[in-house]
Amino acid sequence: MAEPDFTVPDEVADLVGAELKLIDEAGGVKPSPIFPAYIMGEDYTQYIPRGHYTKSDELKAYFKSMMWYGRLNFRIFNEEETKSAVLLVRALRNTEVNGRPALEVWADLYNPTAFLVGRSDDLTPFDYLPLIEDLYGINPSLEELSDAGRFEEFVKKANQLPPQQIMGLSLTGLEPELTSDKGMRFMGQRFVPDAYIFSNLTYDRVSDLDHRRGLPMGLDLFTAMGSDRAYLLLDQIGETAYKGYPEKMEKMRQWTGSLTEKECTETVNNGWLYSFYPLMEEPGKGYPDFMRSAAWLDKQLHTCLGSWA
């Protein structure tokens with residue numbers, strides 16, 4: 001995708017061709033040729049370029065490439081996927097790109113995006129590299145990587161690393177070992193507070209099989225950030241009636257309330273969300289009457305929602 005003229009090795013040409021065809025067709029959830037163990041398949045509608053990424057072929061290709069690198073997950077519980085992840089990290093450790101270590105080039109792309117948007121919500125090559133070097137040495141051979149005992153120890157230690165916090169697909173009803181999405185992504189999608197809040201306020205964490213809350217609302221974010229007016233508006237339109245919603249919202253409010261100023265400003269994205277807090281404050285005694293009205297609070301909420309949208 002990123003390099004249309006790249007010659008794909010013959011041994012993987014069929015797999016690559018089939019995967020690219022599904023990405024270009026963007027026809028919904030289908031089995032991935034490269035990740036066949038995904039029970040739920042992959043949602044190929046996610047690869048439809050949107051926003052400013054539609055402005056040129058280069059940006060469209062970049063969008064599709066980064067989406068693939070951000071979504072496809074080398075899950076720890078799947079032995080083949082984890083072995084592939086270890087080989088990928090080894091390749092980054094030992095490959096050069098235009099005379100520079102590939103790991104440095106990867107970091108040059110990852111670090112600015114982490115500053116702007118947030119750190120990866122998944123394990124990264126930087127998480128796996130210390131484990132590999134600790135168990136196998138600095139530059140293990142392929143034979144050493146195939147050692148069953150050390151691989152078993154690697155899986156055990158990888159499982160102790162922090163889990164993903166935002167789930168991309170609902171896995172309710174599957175076997176317990178398949179509900180864990182913990183794994184390494186090459187360039188994982190980022191942890192952002194609003195996505196975390198939304199994932200906790202929709203199915204299957206809120207509602208039941210008969211009454212699913214499939215989509216969040218912008219008001220969810222500002223309620224979680226402490227706006228009582230936003231909660232009242234959600235209540236008036238019935239959004240708070242879903243099973244488990246009030247309890248989950250309270251947990252989200254406790255979470256946002258526990259964040260330090262450093263955490264709220266560690267990325268450009270977080271700092272932008274943090275700037276909404278003064279707009280949501282309810283003016284108290286001493287302010288003009290028009291600023292102490294519901295209409296004023298609604299105006300402020302519209303300002304926040306407009307900026308966020």
Side-chain angles (χ1 to χ4, degrees), residues 46 50-52 114-119 121 164-170 172 189-309:
Q46 295 294 318
R50 41 198 179 266
H52 71 276
F115 169 69
L116 290 170
V117 183
R119 63 192 181 279
D121 191 36
Q164 180 187 14
Q165 292 182 274
I166 302 171
M167 298 293 284
L169 285 172
S170 170
T172 298
Q189 295 183 326
R190 306 316 165 90
F191 177 87
V192 288
D194 41 355
Y196 176 63
I197 289 166
F198 292 155
S199 70
N200 277 278
L201 295 173
T202 49
Y203 183 79
D204 59 351
R205 300 183 185 185
V206 161
S207 62
D208 51 43
L209 289 173
D210 296 323
H211 301 91
R212 300 188 182 193
R213 190 171 195 252
L215 290 173
M217 298 185 70
L219 289 170
D220 291 328
L221 169 62
F222 296 103
T223 299
M225 292 173 67
S227 171
D228 292 334
R229 180 63 181 172
Y231 188 86
L232 178 62
L233 294 172
L234 285 168
D235 191 56
Q236 288 175 352
I237 58 177
E239 292 295 312
T240 64
Y242 286 97
K243 183 179 179 181
Y245 184 93
E247 295 81 4
K248 276 293 183 181
M249 177 57 79
E250 180 57 31
K251 287 185 178 180
M252 290 299 97
R253 282 187 152 189
Q254 290 174 5
W255 177 72
T256 59
S258 71
L259 297 175
T260 65
E261 183 174 341
K262 182 179 179 181
E263 289 171 323
C264 288
T265 56
E266 67 179 349
T267 70
V268 172
N269 181 76
N270 285 10
W272 164 60
L273 293 176
Y274 189 54
S275 71
F276 294 142
Y277 277 106
L279 294 173
M280 292 189 296
E281 290 180 359
E282 295 193 22
K285 244 181 176 181
Y287 282 86
D289 287 343
F290 74 88
M291 291 182 67
R292 300 177 63 191
S293 66
W296 177 264
L297 295 177
D298 289 348
K299 181 196 79 71
Q300 298 294 81
L301 267 179
H302 273 92
T303 299
C304 295
L305 286 163
S307 177
W308 173 77

Worksheet item: Charged N to carboxylate O under 4.0 angstrom, E282 versus R229?
Response: no
Discussion item. Which label fits W308 and F222: parallel for a plane angle under 30°, tilted from 30 to 60°, or perpendicular past 60°?
Written reply: perpendicular
Item to complete: Might you confirm whether atom CD1 of I237 has over 12 heavy atoms from other residues, nucleotides or ligands at distances under 6.0 Å?
Response: yes
Discussion item. Working to the nearest 0.5 angstrom, can you tell me the gap between E250 CD and Q254 CD?
Written reply: 4.5 Å
Worksheet item: Between C264 and L259, what is the shortest heavy-atom contact and its length?
Response: SG-CB, 3.7 Å
Response to the item:
Heavy-atom closest pair (L279 atom, C304 atom, distance to 0.1 Å) is CB-SG, 3.7 Å
Worksheet entry | Summary of side chain to side chain donor-acceptor pair (under 3.5 Å) pairs that have at least one residue in residues 213-227, sequence neighbours excluded | R213-D220, R213-E239, D220-Y245
Fill in: Close side-chain approach of Y231 to P246, heavy-atom, < 4.5 Å
yes
Worksheet item: In Å and rounded to the nearest 0.5 Å, what is the OG to NE2 distance from S307 to H302?
Response: 14.0 Å
Discussion item. Return the CZ to CD1 distance between R253 and I197, rounded to the nearest 0.5 Å.
Written reply: 11.0 Å
Practice prompt. In sequence, state the C-alpha distance, the side-chain angles, and the governing distance for N200 and K251, and then conclude on side chain to side chain contact (heavy atoms under 4.5 Å, CB included).
Written response: CA-CA 9 Å; N200 277 278; K251 287 185 178 180; over 6 Å; no
Worksheet item: How close do M225 and L273 get, heavy atom to heavy atom, and via which atoms?
Response: CE-O, 3.3 Å
Discussion item. Whether the side chain of T303 engages the backbone of K299 through a donor-acceptor N/O pair (distance < 3.5 Å, no angle test) should be reported.
Written reply: yes
Worksheet item: How far does CZ of R119 sit from CZ of F191, to the nearest 0.5 angstrom?
Response: 6.0 Å
Worksheet item: At their closest point, which heavy atom of P193 faces which heavy atom of N269, and how far apart are they?
Response: CD-ND2, 4.0 Å
Worksheet item: Given Y196 and W255, is the side chain to side chain contact (heavy atoms under 4.5 Å, CB included) satisfied, shown in steps?
Response: CA-CA 10 Å; Y196 176 63; W255 177 72; 3.7 Å; yes
Worksheet entry | Distance, nearest 0.5 Å, that separates CG of L219 from CG of L301 | 6.5 Å
Practice prompt. Look up atom OG1 in T240 and atom CG in L232, then write down how far apart they are to the nearest 0.5 Å.
Written response: 9.5 Å
Discussion item. Before you tell me yes or no, could you show the steps for E263 and N270 under side chain to side chain contact (heavy atoms under 4.5 Å, CB included), namely the whole-Å CA-CA distance, both residues' side-chain angles and the distance that decides it to 0.1 Å?
Written reply: CA-CA 8 Å; E263 289 171 323; N270 285 10; 5.9 Å; no
